[in-house]
Amino acid sequence: MASIKIKNITKIYPGDVLAVDDCSLDIPDKEFVILVGPSGCGKSTMLRMIAGLEEITKGELYIGDRMVNDVPPKNRDIAMVFQNYALYPHMSVYKNMAFALKLKKTPKAEIDRRVREAAKILDIEHLLSRKPKALSGGQRQRVALGRAMVRNPAVFLLDEPLSNLDAKLRTSMRTELIKLHKKLETTFVYVTHDQTEAMTMGDRIVVMNHAVVQQVDTPQNLYDFPCNMFVAGFIGSPQMNFLDAVLKTDGKGYFLEVGADKLYLPAEKVKDIIKGYVDKPVKLGIRPEDIYDDEVFRAANPDSVIDTYVEVSELMGSEVYLYLTYSDITMTARVAPTTKSRTGDNIKVAFDMKNVHLFDTETELAILN
């Protein structure tokens with residue numbers, strides 16, 4: 001098995017196009033790491049450099065203890081699963097899975113054992129004689145995984161492997177991939193632009209934007225302690241609400257002046273760092289689930305109540321999304337399905353100030369989480 005060490009890697013394409021900018025990352029052996037970010041952020045380029053499909057402009061890449069900058073892909077002990085599966089249409093599932101082993105001149109009996117073992121794990125034994133065109137998207141995805149598995153690679157690289165599947169199948173395949181990782185005990189590096197996939201699958205998540213690694217942490221820590229506004233807005237669905245505010249203080253304590261309202265911070269939330277921001281503009285971040293429209297919460301939190309208008313009320317089954325306007329700000333609240341708030345209502349909502357985030361307006365870095 002193998003760890004991956006990425007040291008100050010940069011990738012510049014012709015025309016001075018910067019795809020990855022001085023990124024460093026340590027991936028321990030057997031970890032499931034997700035590279036996530038918007039299209040064009042550099043995550044697929046990073047994966048392709050690990051695979052050896054892209055040359056590294058600057059920096060060093062280690063798989064295990066070996067520097068592999070100049071090692072061809074076939075000698076890196078990695079297997080890659082692509083978005084489009086890349087199956088050979090004229091070959092049966094069995095031959096697709098056996099192909100790489102055949103090229104390596106692996107004995108026939110060993111090929112047969114490995115193919116059937118992988119097929120059993122992936123529940124595709126009954127498909128071995130079929131051609132790819134006779135398979136569903138989910139079945140093709142399993143075949144692509146099986147073809148990678150038979151090689152017993154030290155590292156699995158997966159580039160948006162579920163993006164061609166429908167929503168229901170994606171959910172079930174996410175579970176299958178988590179189980180597969182546990183079973184194989186191999187290092188997985190997985191690229192996606194879907195933050196739900198990232199949050200549910202990874203041991204750690206690498207958030208990228210504009211060719212730079214923004215933050216690396218566990219899913220829960222990224223959600224609770226984002227290092228900047230980009231991470232805060234990217235991780236979480238619906239995304240975090242951002243409001244312009246000014247930090248102030250009076251005899252009662254520290255508060256955020258938002259529009260004509262004062263939202264007081266609880267004493268335990270006041271840290272020394274925020275004292276330097278008094279009378280300065282800041283960005284207030286609050287997640288949709290920390291905005292409440294029920295009377296009990298409002299009564300218990302009178303220092304964080306504001307008046308809003310419900311533009312749209314959207315029933316999601318187990319919860320309701322309220323799309324609110326406050327002054328000229330739009331916000332999303334995620335409330336209980338028992339809510340009485342409806343489209344067109346003027347309602348009062350209260351913020352859970354224990355869970356607010358504050359960001360520097362210029363650097364967009366987190367001041368308070």
Side-chain angles (χ1 to χ4, degrees), residues 1-4 29-30 32 44 47-55 61-165 169 173 176-191:
M1 298 301 127
S3 59
I4 298 170
D29 184 25
K30 300 179 186 173
F32 197 141
S44 286
L47 195 78
R48 289 173 66 82
M49 284 193 286
I50 297 170
L53 302 175
E54 293 286 356
E55 271 185 38
L61 175 66
Y62 295 84
I63 296 179
D65 298 325
R66 180 171 66 141
M67 189 163 110
V68 295
N69 285 43
D70 300 316
V71 175
K74 66 186 174 67
N75 297 333
R76 291 193 181 195
D77 200 11
I78 52 102
M80 193 154 176
V81 179
F82 296 93
Q83 180 179 348
N84 62 359
Y85 320 136
L87 301 176
Y88 299 110
H90 61 289
M91 289 185 188
S92 66
V93 167
Y94 184 98
K95 286 182 177 173
N96 261 285
M97 288 171 69
F99 188 67
L101 297 178
K102 206 172 165 188
L103 287 181
K104 281 186 172 178
K105 301 201 167 32
T106 308
K108 269 189 178 179
E110 176 65 8
I111 291 175
D112 191 63
R113 184 188 68 77
R114 287 206 211 169
V115 168
R116 293 190 185 281
E117 203 173 78
K120 188 176 182 183
I121 290 170
L122 294 164
D123 194 22
I124 51 172
E125 291 168 289
H126 59 296
L127 304 175
L128 289 174
S129 60
R130 290 196 198 171
K131 298 270 178 73
K133 67 180 178 188
L135 305 178
S136 68
Q139 289 168 336
R140 285 181 202 172
Q141 184 57 73
R142 285 167 195 263
V143 175
L145 284 166
R147 189 176 55 186
M149 278 168 62
V150 296
R151 295 169 55 192
N152 296 332
V155 178
F156 269 87
L157 305 176
L158 301 104
D159 192 4
E160 306 218 22
L162 308 184
S163 59
N164 289 338
L165 305 180
L169 198 50
M173 280 302 293
E176 293 302 320
L177 280 170
I178 294 165
K179 289 197 297 199
L180 185 62
H181 174 251
K182 281 193 169 65
K183 206 172 279 183
L184 298 178
E185 295 188 322
T186 312
T187 309
F188 273 44
V189 185
Y190 185 106
V191 161

**Prompt:** Got a donor-acceptor contact below 3.5 angstrom from the Arg76 side chain to the Val71 backbone?
**Reply:** yes

**Message:** Quick one, Leu145 and Met173 - any side-chain contact, counting heavy atoms below 4.5 Å?
**Reply:** yes

**Request:** Could you tell me which non-hydrogen atom of Val81 sits nearest to which non-hydrogen atom of Pro161, and how far apart they are?
**Result:** CG1-CB, 4.2 Å

**Message:** Does any part of the side chain of Gln141, heavy atoms only, come nearer than 4.5 Å to the side chain of Glu176, both counted from C-beta?
**Reply:** no

**Complete:** Output for pair (Ile78 CD1, Phe156 CZ), nearest 0.5 Å, gives 10.5 Å

**Request:** Report the distance from atom CG of Leu61 to atom CD1 of Ile4, rounding to the nearest 0.5 Å.
**Result:** 7.5 Å

**Message:** Less than 4.5 Å apart, side chain to side chain, heavy atoms only: is that true for Thr186 and Met149?
**Reply:** no

**Asked** Going by heavy atoms in the side chains, are Val143 and Gln139 under 4.5 Å from each other?
**Response** no

**Item:** pair Pro73-Leu53: side-chain heavy atoms closer than 4.5 Å
**Value:** yes

**Request:** Taking the side chain as every heavy atom from C-beta outward, state whether Tyr62 and Ser3 have any atom pair closer than 4.5 Å.
**Result:** no

**Prompt:** Under 3.5 Å, side chain of Asp159 to main-chain N/O of Val191, donor-acceptor pair present?
**Reply:** no

**Prompt:** So which heavy atom on Ala98 is nearest to which on Ile111, and how close?
**Reply:** CB-CG2, 3.5 Å

**Fill in**
Output for pair (Arg147 CZ, Lys95 NZ), nearest 0.5 Å, gives 15.5 Å

**Request:** Please examine the side chains of Arg142 and Leu135, heavy atoms only from C-beta on, and report whether any two atoms are closer than 4.5 Å.
**Result:** no

**Distance, nearest 0.5 Å, that separates CD1 of Ile124 from OH of Tyr94** = 12.5 Å

**Asked** Yes or no on side-chain contact (heavy atoms from CB on, under 4.5 Å) for Arg116 and Leu128, after CA distance, side-chain angles and deciding distance?
**Response** CA-CA 9 Å; Arg116 293 190 185 281; Leu128 289 174; 3.5 Å; yes

**Request:** Hey, could you give me the CD/NZ distance between Glu125 and Lys120, rounded to the nearest 0.5 Å?
**Result:** 6.5 Å

**Asked** If you count the non-hydrogen atoms of other residues, nucleotides and ligands that lie under 6.0 Å from CG in Asn75, is the total more than 12?
**Response** yes

**Prompt:** For Glu54, does its backbone N or O pair with a side-chain atom of Arg48 as donor and acceptor, under 3.5 Å?
**Reply:** no

**Item:** Residue pair Leu177 / Leu158, side-chain heavy-atom distance below 4.5 Å
**Value:** yes

**Message:** Would Ile63 and Asp77 count as a side-chain contact (heavy atoms from CB on, under 4.5 Å) here? Give the steps.
**Reply:** CA-CA 9 Å; Ile63 296 179; Asp77 200 11; 5.9 Å; no

**Request:** Check Met97 against Val115 and note the closest heavy-atom contact, atom names and distance.
**Result:** CE-O, 3.7 Å

**Item:** Distance-minimising heavy-atom pair for Ala148 and Pro153
**Value:** O-CD, 3.4 Å

**Item:** Geometric class of the Phe188/His181 ring pair [parallel <30°, tilted 30-60°, perpendicular >60°]
**Value:** perpendicular

**Asked** Between Ser92 and Lys131, is there a donor-acceptor pair closer than 3.5 Å when you use the side chain of the first and the backbone of the second?
**Response** no

**Prompt:** Hey, what do you get for CG (Asp112) to CD (Glu110), rounding to the nearest 0.5 Å?
**Reply:** 10.0 Å

**Request:** Sequence neighbours left out, what passes salt bridge (Lys or Arg N to Asp or Glu O under 4.0 Å) with Glu117? Give chain and number order.
**Result:** Arg113

